[in-house]
Amino acid sequence: MSSSAPLTAVYPGTFDPMTLGHADLMRRASQLFGRLIVAVAAGHHKKTMFSLEERLEMGKELAAEYPNVEVIAFEGLLRDFVVAHGGKVVVRGLRAVSDFEYEFQMAGMNRQLMPDVETVFLTPSDQFQFVSGTFVREIAMLGGDVSKFVAPNVLARLHARVAQRRS
């Protein structure tokens with residue numbers, strides 16, 4: 001790889017919704033890599049609250065301030081997406097020890113599928129270590145305040161979705 005080519009990293013996830021923890025990792029990874037692709041998974045294995053298009057829009061709104069960040073949808077194998085986009089690094093977030101076993105296994109499998117791609121683990125800033133999209137969805141659906149866990153644009157979408165489901 002030539003030194004003039006930016007190092008491309010891929011930060012994959014379903015981002016349903018994108019939390020401030022995700023945004024924190026996006027910001028920090030954008031400072032480490034010349035190009036960061038936030039890869040929004042179609043989520044075929046999960047029932048998502050937001051459509052792929054909505055999750056892409058939220059991600060693009062949060063990534064707008066970072067000129068080296070792109071938000072792109074993907075489905076299928078992460079390996080195929082990373083290779084097609086010239087990725088050399090996969091960025092994964094680790095919130096707690098309980099995340100480590102799964103992420104470690106996934107990194108090992110990805111190394112078998114993509115031997116030339118490294119996995120880098122980032123831990124979120126202290127205030128985001130316990131925040132997950134699952135928790136945010138559940139709290140929002142039960143009428144709780146999630147304003148300190150998501151950006152205002154995401155909060156507005158959560159409120160609208162909750163209201164829609166209640167009517």
Side-chain angles (χ1 to χ4, degrees), residues 6-76 78 81-82 85 87 89-100 102-103 106 119-167:
L7 184 60
T8 298
V10 176
Y11 176 28
T14 50
F15 305 109
D16 185 44
M18 186 167 281
T19 68
L20 291 176
H22 294 130
D24 176 55
L25 262 59
M26 178 195 315
R27 176 188 60 78
R28 292 174 39 229
S30 75
Q31 295 169 346
L32 294 173
F33 303 104
R35 178 178 177 225
L36 177 67
I37 300 172
V38 176
V40 181
H44 64 276
H45 61 290
K46 293 183 177 180
K47 180 163 175 39
T48 58
M49 174 181 264
F50 294 100
S51 71
L52 179 58
E53 293 74 25
E54 290 170 314
R55 291 181 283 128
L56 279 169
E57 287 173 17
M58 287 185 269
K60 287 177 180 179
E61 289 165 0
L62 293 174
E65 64 184 281
Y66 309 111
N68 63 328
V69 176
E70 301 169 61
V71 180
I72 303 172
F74 86 97
E75 60 183 313
L78 177 62
F81 182 87
V82 170
H85 289 86
V89 175
V90 172
V91 174
R92 297 295 295 171
L94 287 177
R95 291 179 309 239
V97 173
S98 57
D99 289 344
F100 181 76
Y102 172 77
E103 293 293 344
M106 188 164 34
T119 298
V120 172
F121 297 112
L122 294 177
T123 58
S125 297
D126 294 347
Q127 68 269 35
F128 305 124
Q129 286 184 352
F130 58 90
V131 178
S132 77
T134 301
F135 287 159
V136 167
R137 285 192 314 272
E138 289 177 8
I139 293 167
M141 289 302 294
L142 294 171
D145 179 13
V146 294
S147 60
K148 58 185 161 193
F149 309 129
V150 296
N153 67 311
V154 175
L155 183 63
R157 290 174 192 265
L158 273 167
H159 285 162
R161 184 57 40 91
V162 169
Q164 180 183 43
R165 289 192 175 184
R166 287 189 177 158
S167 58

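As the structure is a computational prediction, the values presented were derived from the model and not from experiment.
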Legend entry - Donor-acceptor pair, side chain of Arg166 and main chain of Met141, under 3.5 angstrom: yes

Legend entry - Donor-acceptor pair, side chain of His22 and main chain of Thr19, under 3.5 angstrom: yes

Inset, instruction - Work out which heavy atom in Ala140 is nearest to a heavy atom in Leu158; give both atom names and the distance. - result: CB-CD2, 4.1 Å

Inset, instruction - Quick one: pull up CZ in Arg157 and CZ in Phe50 and give me the separation to the nearest 0.5 Å. - result: 7.5 Å

Legend entry - Side-chain H-bond candidate by donor/acceptor type, Arg161 with Gln164, under 3.5 Å: yes

Legend entry - Shortest non-hydrogen contact between Phe81 and Ala73, atoms and distance: CE1-O, 3.7 Å

Legend entry - Side chain Ser51, main chain Glu54, donor-acceptor under 3.5 Å: yes

Legend entry - Residues which pass salt bridge (charged side-chain N to carboxylate O under 4.0 Å, His left out) with Glu75, listed by chain and number, not counting sequence neighbours: none

Legend entry - Non-hydrogen atoms of Val146 and Val136 that approach each other most closely: CG1-O, 3.7 Å

Inset, instruction - Rounded to the nearest 0.5 Å, what's the gap from OG1 on Thr123 to CG on Leu25? Could you check? - result: 7.5 Å

Inset, instruction - Return yes if some donor-acceptor pair links the side-chain N/O of Arg55 with the main-chain N/O of Asp16 below 3.5 Å, else return no. - result: no

Inset, instruction - Enter the distance from Glu103:CD to Met106:CE here, rounded to the nearest 0.5 Å. - result: 4.0 Å

Legend entry - Atom of Ser30, atom of Tyr66 and distance for their closest heavy-atom approach: OG-CD2, 3.8 Å

Inset, instruction - Enter the distance from Leu36:CG to Gln31:CD here, rounded to the nearest 0.5 Å. - result: 11.0 Å

Please list every donor-acceptor pair under 3.5 Å in which a side-chain atom of residues 147-155 meets a protein atom from a residue at least two apart or in another chain.
unit_1, atom_1, unit_2, atom_2, d
Ser147, OG, Asp145, OD1, 2.7
Ser147, OG, Asp145, OD2, 3.3
Asn153, ND2, Glu61, OE1, 2.3

Inset, instruction - Starting from the C-alpha separation in whole Å, work towards a yes-or-no answer on side chain to side chain contact (heavy atoms under 4.5 Å, CB included) for Val38 and Leu62. - result: CA-CA 11 Å; Val38 176; Leu62 293 174; over 6 Å; no

Inset, instruction - Determine whether Leu20 and Asp24 make a side-chain contact, defined as any pair of heavy atoms from C-beta on separated by less than 4.5 Å. - result: no

Legend entry - CE on Met58 to CE on Met18, rounded to 0.5 Å: 8.5 Å

Legend entry - Distance, nearest 0.5 Å, that separates CZ of Phe135 from CZ of Phe130: 10.0 Å

Inset, instruction - Check the surroundings of atom OH in Tyr102: do more than 12 heavy atoms from other residues, nucleotides or ligands lie under 6.0 Å from it? - result: no

Legend entry - Full working for side chain to side chain contact (heavy atoms under 4.5 Å, CB included) between Val10 and Phe74: CA-CA 11 Å; Val10 176; Phe74 86 97; over 6 Å; no

Inset, instruction - Identify the two heavy atoms, one from Ala63 and one from Val71, that lie closest to each other, and give their separation to 0.1 Å. - result: CB-CG2, 3.7 Å

Inset, instruction - Indicate the atoms forming the closest heavy-atom contact of Arg35 with Glu70, along with that distance. - result: NE-OE2, 2.6 Å

Inset, instruction - Decide yes or no for Val89 and Leu32: does some side-chain heavy atom of the first lie under 4.5 Å from some side-chain heavy atom of the second? - result: no

